[in-house]
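We name chains A, B, ... by the order of the sequence lines, and we start the count at 1 in each one. As the structure is a prediction and not an experimental result, all values here were calculated from the model.
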Amino acid sequence: MEITRQVRKAIIDHAEGELPNEACGYLAERDGVVVGYYPLTNLDKAADHYSMDPQEQFTAIREMRAMGLKLAGVYHSHPATPARPSAEDIRLAHDPEISYLIISLADAEPAVKSFGIRGGVVSPQEITVVEEGESMGVKADAVKNCRGIGCPMNLVHAKVGLAALRSGQVLEVILDDGPPVINVPASAGREGHRVLGQTRLADGAWSVLLEKC
Amino acid sequence: MTDFSEEQLHRYSRHILLEDVGVEGQARLLAGKVLIIGAGGLGAPVALYLAAAGVGTIGIVDNDHVEISNLQRQITHFTEDIGAAKVESAAAKMRAVNPDVTVNTYRQYVSAANIRELIRGYDFVVDGVDNFPTKFLINDACVMESIPFSHGGILRFDGQTMSVVPGKSACYRCSFRKPPPPDAVPTCSQAGVLGAIAGMLGTIQAAEALKYLTGTGRLLTDALLSFDAKTMDFRKIRLRRQENCPLCGSSPSITELSDMEQAVCGLKRRA
Ligand SMILES: [Zn+2]
């Protein structure tokens, strides 16, 4: 699987933050690259197993759809054991189409591994870490940091950023989670600009790449 | 491209957000120059909306001073302004709305002698005068100087307006050859006017000026829009540019400006 450096770092941070318990969440992809993650509550609050909150799962899937993302996989952490699926992990892996990603914090350096699990058979998947933006094959020509700027001023700043560019150039807009990352790309798209992709950053904000029309 | 300050981004955010205006359109407004002729019922809302919109340079022409009978509809003038020059009263409110705007005041009548000089250098002219001879004068001068303008008139409950892009669309004379004889048509002060229709018509003219400067949409050209506020019926009549128009036709008979006799209105000549 391909995953952005930011998402990989973010889920390790999440795993470490949940210690000594296991952390869990969803991974979201666009065009085959994991560009977003949705941390979910581990209802078990245990160091050796997890169960996800169905309400949060539902909300996460709905948010993904709203942003044109697809469920790529489930991640969870092993606080003290290696990054390979436990018997329980295999038993509970119901979806053969998605990846199961495990973050092991057993060693000083966290390990992240991905697996496909079909009918009880585990097949390791290679993980390729890509740079944000690079994952969409582009590098931004300018950046507008709209962290902490609500709607609609974030769109005003994005439009100012786009106005300074030539057609075909790319603006990276950093937007807060929630309405900003839903509204701004939608509005920019309505005006004819191309939304190349959006990536969840380590701090929960989003990087959105807009190609000027 | 204009560099917007943070304050300007907030001030003009609702324009910048508009798909058809945006950053570029707002920059065009800030670089734009509009002359408003008449600081009365029509000129007042035009002046306020253009200033609020950030039209960079706004000229306003009027020789009158504020009278108490103006206050019922001329919303740039307040009770405390009675006796002040209308252009100064209007300019003070425009600057208070938006300090970004440069306001040029011309305390004078417009006449055949000065109008071409006055309008030269402006991108767009708004006719906010209350008498036919001056409306024709504005039409003629704008056609001669090739400056687009918005014609507007109100009386009683009725309003009418059209925009003219000289050389491209019908001018006022294409449809209305010459002013009606003096006293054939009552002036505003004889007939009365419902105050709010000055706002209804003036804001249409302001919108036309903003559309022209930003290049948005289609102007109210080759058409006369009229309304009757008693029934709120709006009517848009298609007009065509006339080959035999004495001003903008192929062999014009009007080649220079002249002052026409004006209806005497309360013994005061108005411009
Ligand atoms: Zn004509």
Side-chain angles (χ1 to χ4, degrees), chain A residues 66-68 140-196 198 205-213, chain B residues 1-34 48-58 94 96-102 123-124 203 206-219:
Chain A
M67 286 186 285
D141 296 286
V143 183
K144 279 279 172 191
N145 181 359
C146 297
R147 281 188 181 89
I149 300 177
C151 300
M153 283 308 292
N154 44 22
L155 180 58
V156 169
H157 284 275
K159 290 185 78 167
V160 168
L162 286 165
L165 298 181
R166 292 188 308 274
S167 179
Q169 288 190 307
V170 174
L171 178 73
E172 179 183 16
V173 192
I174 312 293
L175 295 163
D176 287 338
D177 194 23
V181 76
I182 294 170
N183 295 336
V184 174
S187 299
R190 231 182 353 258
E191 295 199 9
H193 306 294
R194 214 150 69 90
V195 184
L196 297 179
Q198 40 203 46
W206 290 80
S207 157
V208 176
L209 292 171
L210 301 174
E211 185 188 284
K212 184 174 177 172
C213 65
Chain B
M1 179 64 53
T2 315
D3 271 331
F4 291 94
S5 68
E6 190 64 25
E7 185 186 304
Q8 285 179 313
L9 289 182
H10 281 272
R11 179 183 286 275
Y12 305 121
S13 60
R14 297 314 189 264
H15 275 161
I16 292 171
L17 288 167
L18 263 182
E19 193 178 330
D20 292 318
V21 177
V23 178
E24 296 85 351
Q26 187 60 50
R28 280 188 216 118
L29 293 179
L30 287 165
K33 296 177 178 176
V34 176
L48 291 178
Y49 273 108
L50 295 190
V55 172
T57 306
I58 305 172
M94 293 157 76
V97 168
N98 189 349
D100 283 351
V101 174
T102 301
D123 303 315
F124 194 87
T203 51
E208 288 288 288
L210 297 180
K211 280 164 59 186
Y212 178 77
L213 292 176
T214 56
T216 303
R218 227 177 52 227
L219 291 177

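With sequence neighbours excluded, no residue satisfies side chain to side chain donor-acceptor pair (under 3.5 Å) with B:D123.
Around CZ of B:R14, the count of heavy atoms belonging to other residues, nucleotides or ligands within 6.0 Å does not exceed 12.
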Name the atoms and distances for all side-chain donor-acceptor pairs under 3.5 Å in residues 162-171 of chain A, with sequence neighbours left out.
from   : atom 1 : to     : atom 2 : distance (Å)
A:S167 : OG     : A:C213 : O      : 3.3
A:Q169 : OE1    : A:R166 : N      : 2.8

Could you pull out every donor-acceptor pair under 3.5 Å between side chains of residues 15-23 of chain B and any protein atom, sequence neighbours left out?
from  : atom 1 : to    : atom 2 : distance (Å)
B:H15 : ND1    : B:Q26 : OE1    : 2.8

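Heavy-atom neighbours of chain B within the stretch residues 152-161 of chain A, taken at a separation under 4.5 angstrom, comprise A:P152, A:M153, A:L155, A:V156, A:H157, A:K159, A:V160.
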